[in-house]
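Since the structure comes first, as structure tokens, the remarks are kept for the end.
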Amino acid sequence: MREKMIIISAPSGAGKSTLVKYLLKKGLPLEFSVSATSRSPRGEEKDGKEYYFLTADEFRNRIDAGDFVEWEEVYADHYYGTLKSEIERIWRKGNCIIFDVDVKGGVNLKNIFGNKALSLFIMPPSIEELRERLLRRGTDTTDKIEMRINKASEEMKLAGQFDIIIVNDDLNKACSETESAVTGFLKHD
Ligand code: ADP
Ligand code: 5GP
């Protein structure tokens, strides 16, 4: 397979991780791009699995060293970024990379990789529903939830820059729409 990547972006709480996990269980030749972050591990998260956990200083040093293909300070002092080494690692194995990145990161990756990339924007049914999902998920404080919600309306304005928009209202429908977009892209030479 030629070098390919699937980019999944959305405001926090819209369902990116759920859709990425669904795709990874389908037995497709996809491999998750593990990002680096300076935020602390949440719940059962393990270094090297969900993220490479770095301190803010380590993260800034690696920015200076030119180790990232893209990075964002997604929330104050919380850096997230894709290491060049991660992309090389996955392509070397002949797999298609799947990214779960914030909306600006998704736009940047698509601009860098062009037709090697299929970019999907996961649209929440509404801001209210987004807040409900984040509250139900129970992984963030109410302050952090409000921070994520404030960002969401700005991010939704960038949806038009993605190849495909998937509205995640009914989860089963969103899963099958996502899966058919991805399998179509993988088949294409
Ligand atoms: P993200 O990765 O975009 O932050 P998650 O995948 O963690 O979002 O989803 C946020 C929460 O919403 C999770 O608790 C998830 O189980 C739930 N969720 C995802 N999709 C739906 C949906 N279509 N309807 C209701 N709840 C959903
Ligand atoms: P969380 O803290 O919920 O794991 O992630 C916060 C946000 O950072 C999510 O929108 C997630 O997609 C994004 N993110 C994770 N990794 C990267 C990355 O490598 N680059 C960018 N730009 N955003 C990322």
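For ligands, and for the atoms within them, numbers begin at 1 and follow the listed sequence.
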* To do: Compute both the distance and the angle, then confirm whether K4 meets the cation-pi test with F185: under 6.0 Å from the six-membered ring centre, within 45 degrees of the axis.
  => yes
* To do: Distance to 0.1 Å, residue and atom name: give those for the protein heavy atom nearest to atom 5 (O) of ligand 2.
  => Y51 OH, 3.3 Å
* To do: Please report the C-alpha distance between K84 and E88 in whole Å, then the side-chain angles of each, then the deciding distance to 0.1 Å, and finally whether the salt bridge (Lys or Arg N to Asp or Glu O under 4.0 Å) criterion is met.
  => CA-CA 6 Å; K84 291 177 182 164; E88 286 154 13; over 6 Å; no
* Heavy-atom side-chain proximity of D100 to S17 below 4.5 angstrom -> yes
* Asked: Between D102 and ligand 2, does any nitrogen or oxygen pair lie at a separation below 3.5 Å?
  -> yes
* Can you figure out which of Y52, Y80, Y79, W71 has its heavy atom closest to atom 6 (C) of ligand 2? => Y80
* Flag R137 as yes when one of its N or O atoms lies below 3.5 Å from any N or O atom of ligand 1, and as no otherwise. => yes
* What atoms of ligand 2 come within less than 4.0 Å of a heavy atom belonging to R42? -> 1 (P), 2 (O), 3 (O), 4 (O)
* Could you tell me the residue and atom name of the protein heavy atom closest to atom 12 (O) of ligand 2, and the distance to it rounded to 0.1 Å? => D100 OD1, 2.8 Å
* Asked: What part of R39, side chain from CB on, backbone N/CA/C/O, both or neither, has a heavy atom under 4.0 Å from ligand 2?
  -> side chain
* Would you check, one step at a time, whether the test side-chain contact (heavy atoms from CB on, under 4.5 Å) holds for S176 with N172? => CA-CA 6 Å; S176 59; N172 287 330; over 6 Å; no
* **Check: E86 side chain, V34 main-chain N or O, donor-acceptor pair, under 3.5 Å** => yes
* Atoms of ligand 1 less than 4.0 Å from D169 heavy atoms? -> 22 (C), 23 (N), 24 (N)
* Report yes if the side chains of I8 and I122 come closer than 4.5 Å at any heavy-atom pair, otherwise no. => yes
* Close-contact set for ligand 1 against P11 heavy atoms, below 4.0 Å -> 3 (O)
* Asked: When only distance counts, is R133 in polar contact with ligand 1, meaning an N/O pair under 3.5 Å?
  -> yes
* **For atom 7 (C) of ligand 2, the option (of V74, V20, T139, T37) bearing the nearest heavy atom** => V74
* Any donor-acceptor N or O pair under 3.5 Å, side chains Y22, E179 -> yes
* Asked: What is the nearest protein non-hydrogen atom to atom 19 (C) of ligand 1, stated with its residue, atom name and distance?
  -> T18 OG1, 3.8 Å
* To do: Give the contacting part of K104 toward ligand 2: side chain, backbone, both or neither, where contact means a heavy-atom distance below 4.0 Å.
  => neither
* Taking atom types as modelled, is there a side-chain donor on T82 or E70 under 3.5 Å from an acceptor on the other? -> yes
* **Residue part near ligand 2, for E155, under 4.0 Å between non-hydrogen atoms** => neither
* Heavy-atom side-chain contact between E50 and F32 under 4.5 Å -> no
* **Nearest non-hydrogen protein atom, atom 10 (O) of ligand 2** => K16 NZ, 3.4 Å
* Which atoms from ligand 2 have a heavy atom of E72 less than 4.0 Å away? -> 22 (N)
* **Option among Y52, Y51, F68, W71 that satisfies the ring pair (Phe, Tyr, Trp, His ring centres under 6.0 Å) test with Y80** => Y51
* Salt bridge check: are R148 and D102 linked by an N-O gap of less than 4.0 Å? -> no
* Atom indices of ligand 1 within 4.0 angstrom of S12 heavy atoms, with elements -> 4 (O)
* Taking only heavy atoms of G15 into account, list the atoms of ligand 1 that are under 4.0 Å away from them. => 1 (P), 3 (O), 5 (P), 6 (O), 8 (O), 9 (O)
* Verdict with supporting geometry, I6 and C96, side-chain contact (heavy atoms from CB on, under 4.5 Å) -> CA-CA 7 Å; I6 313 280; C96 170; 3.7 Å; yes
* Determine, stepwise, if the pair F53 / T37 fulfils side-chain contact (heavy atoms from CB on, under 4.5 Å). => CA-CA 5 Å; F53 292 101; T37 184; 3.6 Å; yes
* contact_flag G81 ligand 2 heavy-atom lt 4.0 Å -> yes
* Asked: To which of G138, G13, A10, A174 does the heavy atom nearest atom 1 (P) of ligand 1 belong?
  -> G13
* Asked: Is it true that the side chains of R137 and T139 contain a donor and an acceptor less than 3.5 Å apart?
  -> yes
* Asked: Which protein non-hydrogen atom lies closest to atom 19 (O) of ligand 2, naming both residue and atom, and how far is it?
  -> S35 OG, 2.7 Å
* To do: Quick one: look up the protein heavy atom nearest atom 3 (O) of ligand 2 and list residue, atom name and how far away it is.
  => R148 NH1, 3.0 Å
* Asked: For ligand 1, which atoms have a heavy atom of K16 less than 4.0 angstrom away?
  -> 1 (P), 2 (O), 3 (O), 6 (O), 8 (O)
* Name the closest protein heavy atom to atom 20 (N) of ligand 2, giving the residue it belongs to and the distance to 0.1 Å. => E70 OE2, 2.7 Å
* To do: Could you please spell out the steps behind the side-chain contact (heavy atoms from CB on, under 4.5 Å) verdict for E72 and Y79?
  => CA-CA 6 Å; E72 295 287 333; Y79 296 93; over 6 Å; no
* For atom 20 (N) of ligand 1, closest protein heavy-atom neighbour -> N168 ND2, 3.0 Å
* To do: Please work out whether any backbone atom (N, CA, C, O) or any side-chain heavy atom from C-beta onward of E50 is under 4.0 Å from ligand 2, and answer side chain, backbone, both or neither.
  => neither
